[in-house]
Structures are given as C-alpha cells and as structure tokens.
2 protein chains.
Amino acid sequence: MNDFTRLSINSATTKKWTLAQVVEGCVNAGIPAIGPWLDRVAEAGLDKAARLIKDAGLRVSSLCRGGFLTAADAEGQTAALADNRAAILEAVALDTKELFLVVGGLAPGEKDIVAARQRVADRLADLVPFARENGVRLVLEPLHPMYAADRALISTLGQALDLAAPFDASTVGVAVDTFHVWWDPELKGQIERAGRENRIASYQVCDFNMPIAADPLLSRGYMGDGVVDFATIGRWVRDAGYSGDIEVEIFNQEIWDTDGNTVLATVQERYAELVLPYS
Amino acid sequence: MNDFTRLSINSATTKKWTLAQVVEGCVNAGIPAIGPWLDRVAEAGLDKAARLIKDAGLRVSSLCRGGFLTAADAEGQTAALADNRAAILEAVALDTKELFLVVGGLAPGEKDIVAARQRVADRLADLVPFARENGVRLVLEPLHPMYAADRALISTLGQALDLAAPFDASTVGVAVDTFHVWWDPELKGQIERAGRENRIASYQVCDFNMPIAADPLLSRGYMGDGVVDFATIGRWVRDAGYSGDIEVEIFNQEIWDTDGNTVLATVQERYAELVLPYS
C-alpha cells in the first residue's frame, strides 16, 4: 500500500474542475490535502469553500496565491497590499498557514531590476506584521529565471532566503518547487540553508518538460516526464528536515485536457514511484 | 562621431551572410572586429577565412564555439575533446585568443545534473593543457537557465567562475552575455569577482525580448527592444576593469530576415545609444 498521507493536489493541476470536483476527486482517490488557487475559492465563495474542504476531511496545504508586489506607483502599491491582506484573511478562513507569494516582475517598461527587487523587499516588510497577526506564513516562491521579467523577480532559492532573512521563520518562509529550481547550481546548499533556517514552507513537485512549451508557463509535466532528478532533490529536502505536505502543481495543456480522475491516478502513480521513496 | 573601436559583430547576428559578406559589411560600416562561428569559417575554409579577415584589417574578438563536453560515454568524450582541440587550433589560425565554450546539457535521458556538471569540470581539466600550449583562452559562457537541460549546464556567472577557479586566468575565462545573465540576483557581485580574478574574456550584448519566442533560442533582440538594463550591467562590467571588445550576438528570426547592412546600422545606433556611454 502506498502512503499518500503527505500528498496534496494543487487545484491548478485539474484546471477544469471546480473546487467541489477537486475535493470530491481527492476524497475518492485517498488524497488527504489540496492546495487551492484563489480563483477556485472565489467561484465557490470563501465560506462555502472552507466548509466544503473541512466537511470532506481534507487539509489545505497552501493557498495560491498572493504577491505581484512590484508596482512602481503608490496607487498600484496600495492596491497590491490590499489584495495581499485579503489573501491573508482567506488563508485564515481556509485554515491554512501557508500563503504563496509570486512576487511579480518588472513594472511596465521598467529595466531597473535592482530597484524592482528592492520594492519586493519593501512590500514584504509592509505585509509581514499583518501576516504575523493573523498567523499566516508568507511563502516566497522562487520562479525559474525565464519568468523573471513578467512574473517573479525572485529567481533563486538563495535570493528568497535573503529576502526572508529579516523576518521570523514562522512568518516568512520559502517554497521549493522542483520545476523552478532544478537547474540551480547552488540548490543543495540553499536547501540545507533553508532547513537550518526553518524556512521550508512547501515542497512542490512536477517535472520540467523539454523542449520548453511555446507558452513557457505550460512546460510543467508529470513527475518522470522531464529532466528533474526527484530522487536527489527529494533527499535534499528530506535531509533538510522538511516533513510537511508535498504538493503537485502542474500547468500543462494536455494534462488539463485529460479527465481529472485519470490525472489524479497518474499523479499518485508517479508520486509513489519517484517522490515517496525519497521523502 | 560615435566610437565603434570596441564594437564587434558576431556572425550569428547576420545569419544569412557568408563570412566574406560579414567582413565586407563590417568594413563598410566602420566596425573593426568580428566574432565568427565555426560554420561560417568552415564554409569559407580556415586558411581563406583567416586571410580574408586579416586582409580586411579586422580583429577576431572571439571564435564561437567549442564545448558540448557532457557526453557520458568514453566515445562521446573522446570525440568532444577532439572537436575542442580542433577548435583551439582554429582559434590560433584566426588569430584570436578567445574560444567560447557552450558546455552542453544533460546526456540523453540523464537526470543527474550534479554528475553531468562534474563531467564539464573533468573535460575542462582535460582541455586546459592543450589550450595553454596554444595560447588560447577557453571562455566559459553561462547560458540562461532555460537552456540548462539541452545546451549549457553552466547557468550562472558564479558557477562559471567556480569552474574556472582551478586554472590560470589566462587559460580559462568567462563571458558576460547580457541575454543570459541579466536576471541573476548575484550579477553585480559576480561581475566584480570576475574582474578581480581577471576572468572577463568577453562582454556580449543583446536584449532579452518578451514574451519569450516560441523557440526560446530566438528570443534575443536588438539592445533596447527587451528588458535588459544595459546602463547598469555596462557600468558593472566597466568598473570590473573590462576594456576589450563588445560583441553583438543576436539570434532572432525577424533580424535574420532583414538586410544585413540594415542590421549593422541598427546595431551601431543602439550600441551608440545604450552601450557605449556605459563602457
């Protein structure tokens, strides 16, 4: 019998399913946790979503996502902080401690990446007190550098840890997502550091498919379909002391076009073969 | 009058031109140096190519390229070393000191990136004595991490410098190519380090166009068309002590479809506006 007690399905993996369908699918498959995106929660309505998940006996491993903190103008910054405070409250309502932040890219027309990254640090400092008061951890997610310009100016785990350093580990953590970090020559050392600093808030698994999809956002794949070494990264994360949920988040058109129950079955099969033995 | 004394055109920028056409185009445009690729040299014939460039009074800023050193089997490794020794001799014949190495990606089906990177270090050690004897510098080029799996397992400037560290700076250097490194949160510090260690063998400029082209190799653009901050990176490279050639290397279908002389004129215009003031 395979042990799925740490497996969580991110709702983006079964994109065409409503939240109720994800919940039902996970219950039927014996998957004990989900990581919902805000859009699925909004569709269901926050209170109903929270009740739905709780009544089904599922955990919420994380909420995806806040972030997009890089606005250069005061109005944009105010709006971003309001959005993120709302997301913090949604995390509370959904009974998860972990709120992913995808921090955003350059402002329109901007070239000064150093200044833009400083704004990320500044907005993070603005948000931390509210997150702390509400018992929510802001999870800084380094994204693959191909998304630096338009999605996330946090490009490495080391950079995420540097950004987190001024704050309590219980309020600012980091995510290790195999798709985004597999290439990093510093990965082993930075995962060890993340463990020492008690910052690992999430371990997300999916593969990096080659060749890169024409829409590079959709190049994620089932574990085993791409180039990621799950055994090695899994051991590093385990040896760093992480024992929390392992969330599967895949953006991939072909997988989105597949029946959700089939997707869950494949995820479980790959997880049992490639992830579980090293976790 | 703009000063083009440090400008060099990489032959990939005018892909449809023969070497003779690149040489003629550069002479006519007042561009004093070129960076040929081996394919253009092979077409012309090595001796003829060397004479052609010399007779035109041009410098060869670098030769592109050796590398692809990651074969996992003995046969592939022997072949790679032979290819690279031949490229070293071609660099000598073309009277350039700088031979770019694009080191290659994972072996077919391989997942163990740590082992593959170790093979890069091992093959580099194999090549260094021959390069030194011939007065050629092996230029390690970090490529954007989106090419880690299939083109270059050197993904950051810091990693390139670590790989170079065991060897004399006159035999192993590094390239700073804005397209590949602009996103790196460690860039400033690693350029400073590269300067201190006398490793900067080439500064290549082109932009990183967004959105990323469907073929991600072709997402390079004219300076000014993408997200790269040439002023900041240019100052870092200058302040690190680099005063050599500045090579423009653009892979871009639209630019390849443009008349070569028009391309050179645009390159000169953008260079004068965005690169020269900070070099």
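By convention in this document, chain letters (A, B, ...) are assigned in the order of the sequence lines, proteins followed by strands, and residues within each chain are numbered from 1.
One distance of note links CE of A/Met146 with OG of B/Ser219; it measures 11.5 Å at 0.5 Å rounding. The CG atom of B/Asp150 sits 7.0 Å away from the CD1 atom of A/Ile212 when rounded to the nearest 0.5 Å. A distance of 9.5 Å separates CH2 of B/Trp183 from CD1 of A/Ile113, quoted to the nearest 0.5 Å.
Looking at A/Val228, the atoms closer than 4.5 Å to chain B (heavy atoms on both sides) all sit in the backbone: N, CA, C or O. Looking at A/Asp184, the atoms closer than 4.5 Å to chain B (heavy atoms on both sides) all sit in the backbone: N, CA, C or O.
Shown here for A/Asp112 and B/Asp229, the closest heavy-atom pair between the two residues is CA-OD2, 3.8 Å.
Side-chain atoms of B/Pro145 and A/His144, non-hydrogen and from C-beta on, do get closer than 4.5 Å to each other. Between A/Pro185 and B/Thr156, the closest side-chain pair of non-hydrogen atoms falls below 4.5 Å.
Of all the listed residues (A/Met210, A/Arg117, A/Glu186), the one sharing the greatest number of non-hydrogen pairs under 4.5 Å with chain B is A/Arg117.
Of the possible polar contacts, none joining the A/Lys111 side chain to the B/Thr232 backbone as a donor-acceptor pair under 3.5 Å is found.
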